[in-house]
Number of protein chains: 2
Amino acid sequence: MAVSRERRVPAWAQIADAVRAQISAGELAPEDRLPTEAELMARHDVARSTVRQALTALVNEGLIVPRAPRGYFVRNRKPLFYRPQQEFRAQPAYPEMDRFMADHSAEGREPKQEIEVAIVDPPADVRKRLNLAEGELAAVRRRIRYLDGEPYNTNDSYFPLAVVQGSEIMNPADIARGANEVLRELGYPQTRTLDEIYIRMPDPNEIKRLELGPGTPVACHICTGLCDDGTPIRVVVNILPGDRHVIVYERDGMELRK
Amino acid sequence: MAVSRERRVPAWAQIADAVRAQISAGELAPEDRLPTEAELMARHDVARSTVRQALTALVNEGLIVPRAPRGYFVRNRKPLFYRPQQEFRAQPAYPEMDRFMADHSAEGREPKQEIEVAIVDPPADVRKRLNLAEGELAAVRRRIRYLDGEPYNTNDSYFPLAVVQGSEIMNPADIARGANEVLRELGYPQTRTLDEIYIRMPDPNEIKRLELGPGTPVACHICTGLCDDGTPIRVVVNILPGDRHVIVYERDGMELRK
DNA sequence: TAGTGGTCTAGACCACACT
DNA sequence: GTGTGGTCTAGACCACTAC
C-alpha cells in the first residue's frame, strides 16, 4: 500500500487523501481513533515527517483532532443553532424549523455564563460603528457562554459610556429584561440593527478564551444597534466557533416581496 | 534574537508569535514579503523545519500566503458585501444582470458567471430540506461567480424536478426576472425563507472550484425557500470564501419589537 | 514501563521564478 | 545560474497517558 512515486501528487497528499476517503466513506466514524503514525509509516512506506505532514493537513482542515499521547481521532461536529433574530424577542419559529431543530438542540445541556464589565478605549472597529470620537470611552459587557462546562461562544457588548454610566448595564450580572430594555428606559430605544458576519481563523486570544482546536474557523458576528434617528447605541461582537454553531435567519414575505 | 530554550513555549510557536506581532503592529503590511526561511533560521538560530513549522502555522491561520519560489507574503483580505436579503429582490438597474452583478459592477470590477444545469439525485442534506422522497430527482442550477477573473463564490440552486421540468429554469442561461418569478408563474410563489450558515474549512472539491488557499475557511449558506403552506420549493447552497465575503443582514423595528 | 504524539536537528534533491 | 520554497529522509529526545 505504498504511495505512488511519480511526483504528480506529493506523498503526504496521497496519504491525506486516503485517510480523508476513509472518513467520508464512514470507515472511520466520528470519535474513532486513526492508525498511529508508525502504522501509517509502515503502510505507505514513508518517513515519519511525511506522515505527520499528511496528518497536520487533516488537522488544519478540521477533519481530525490530535489527542497526545493517545492518538489522532476523527472530529465530531455538533453545531447548535444560533439565532441573531431571537436575541431580542422570544418569537416562535415557523413550524418548518422543527424539521431541523432535532439535530441541533441544546436540550438537557447545562448553560452557564461569565460576565465581566469594564470601561475601555474601544477597538477601532467598534469605535467606528459606535460613532465615537477619538478618546471617547465605552462600557463593555464581556460574556463567555458555556454549555456543560465547555466554552460555547463569546459576546462582548459595547455601549457609549456617556449613555450607560451608572445604569444597570454597568453591573456585571444578568439583566433579566435585557440590555435593550434598559437602553429604552434610558431614552435610547434600539429600533434597527445591522448584522455583519466575518468568516476567518481565530486569533491566539480567541483560541485561548474559547479553547479552540486547530482547524476551527470562527464567525465574527458584529451587530450594530441603531436608534430611530440612526444613532448607534450598541455594538455587539460575537465570536462563534464554527464547530459549535449554525447561524440561522428567517425571512418572511414582507421582505421577499420587493 | 534566538528563541528561549526553556521549553515552556515551543521554538516554532515563539517564531510564529514574533512574526504575528510584526504583522499586527503593521511592521509587515499586507502584500509585504516575509524574511526568507534561511533568514529566520539565522535570526532565531534553529533548524529549517522549525522555521517551516512556524510558517505553516501562520499559513493555516490565514495570516500569510506562500508564493513559491518567491517567498511568503502577508495576506490581503478584501471581503465584499454579500446580502442574502437582496439575492431575490427585483433587479431594477440592469435587468440582464442578477442582483450580484448589479451590486458589484458598480465597484469597477468585472463580474462573470458560469451556469450549468443538471438533473441529479440530490445530496442528503438538500433532499431533506426539499422534502423529497428517496429516488425523487431534483434540477440544479450550478453557478460559479467570478470578479475580475477570480472565483468569488458558488451558488447551487436545487428545485424539485417535477415542478420545474420544462420551464425556463432548466435553461443554462441567466434568468433576467429571477428564478423566483418563474416559480411564481409555475404556481409556487416563494414567500418565506430559512437561512442556515455553517462555518467550516472547505473540502478538496471546494478548494479546487474556488481556488482557495490554505487557511481560508468558508461559510456554507443554505437558503431554503418555502411557499405559503410551508412546501419547500427551492434550496440554494452558497459557498462563500471567508477572505472574500462579509455577510450582511439588516433587521428593522418590526422584528425587533417583541 | 511501553507506546504515543510533540519537538527538533541536519542533512538531501527538486521545480520554479527571477536575473 | 542563483535563490526560493516544496518535499522527504533518518535519526534524536521529551512528556504524557494508559497499562
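Naming: A, B, ... by sequence-line order, numbering from 1 per chain.
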Measure [atom1]/[X] against [atom2]/[N] and give the value in whole Å, please.
X: B:E37; N: C:dG11; atom1: CD; atom2: C1'; answer: 15 Å
X: A:Q53; N: C:dT7; atom1: CD; atom2: P; answer: 16 Å
X: A:Y72; N: C:dG3; atom1: OH; atom2: C1'; answer: 14 Å
X: A:H44; N: D:dT7; atom1: NE2; atom2: C1'; answer: 17 Å
X: A:R52; N: D:dT7; atom1: CZ; atom2: C1'; answer: 16 Å
X: B:W12; N: C:dG5; atom1: CH2; atom2: C1'; answer: 14 Å
X: A:L55; N: C:dT4; atom1: CG; atom2: P; answer: 13 Å
X: A:M41; N: C:dG5; atom1: CE; atom2: P; answer: 11 Å

Discussion item. Using heavy-atom distances to pick each residue's nearest nucleotide on DNA chain D, tell me which of A:A68 and A:V51 is more 5'.
Written reply: A:V51
Worksheet item: On a plain distance test, is the side chain of B:R70 in donor-acceptor contact with the base of D:dG3 below 3.5 Å?
Response: no
Is it true that [X] and [Y] have a side-chain N and a carboxylate O under 4.0 angstrom from each other?
X: B:E206; Y: B:R200; answer: yes
X: B:E150; Y: B:R145; answer: no
X: A:D243; Y: A:K78; answer: no
X: B:D203; Y: A:R20; answer: no
X: B:R129; Y: B:E196; answer: yes

Worksheet entry | Stems where DNA chain C pairs, listed by first number, each of three or more Watson-Crick or G-U pairs under 3.5 Å | C:1-18 with D:1-18
Worksheet item: Between B:R48 and C:dT9, is there a side-chain N or O to OP1/OP2 distance below 4.0 Å?
Response: no
Fill in: Below 4.0 Å: OP1/OP2 of C:dT7 and any side-chain N or O of B:T50
no
Worksheet entry | Pair B:H221 and B:Y198, ring centroids less than 6.0 Å apart | no
Practice prompt. Side chain of A:P69 only, please: which of D:dG6, C:dT4, C:dG5 is the nearest?
Written response: C:dT4
Fill in: salt bridge (charged side-chain N to carboxylate O under 4.0 Å, His left out) partner of A:D156, the single match among A:R209, A:R141, A:R234, A:R143
A:R209
Practice prompt. Check every strand shown and say whether A:S49 touches a base, only sugar-phosphate, or nothing at a heavy-atom separation below 4.0 Å.
Written response: base
Worksheet item: Looking for any heavy atom pair under 4.0 Å, which part of the strands does B:R67 touch: base, sugar-phosphate only, or nothing?
Response: nothing
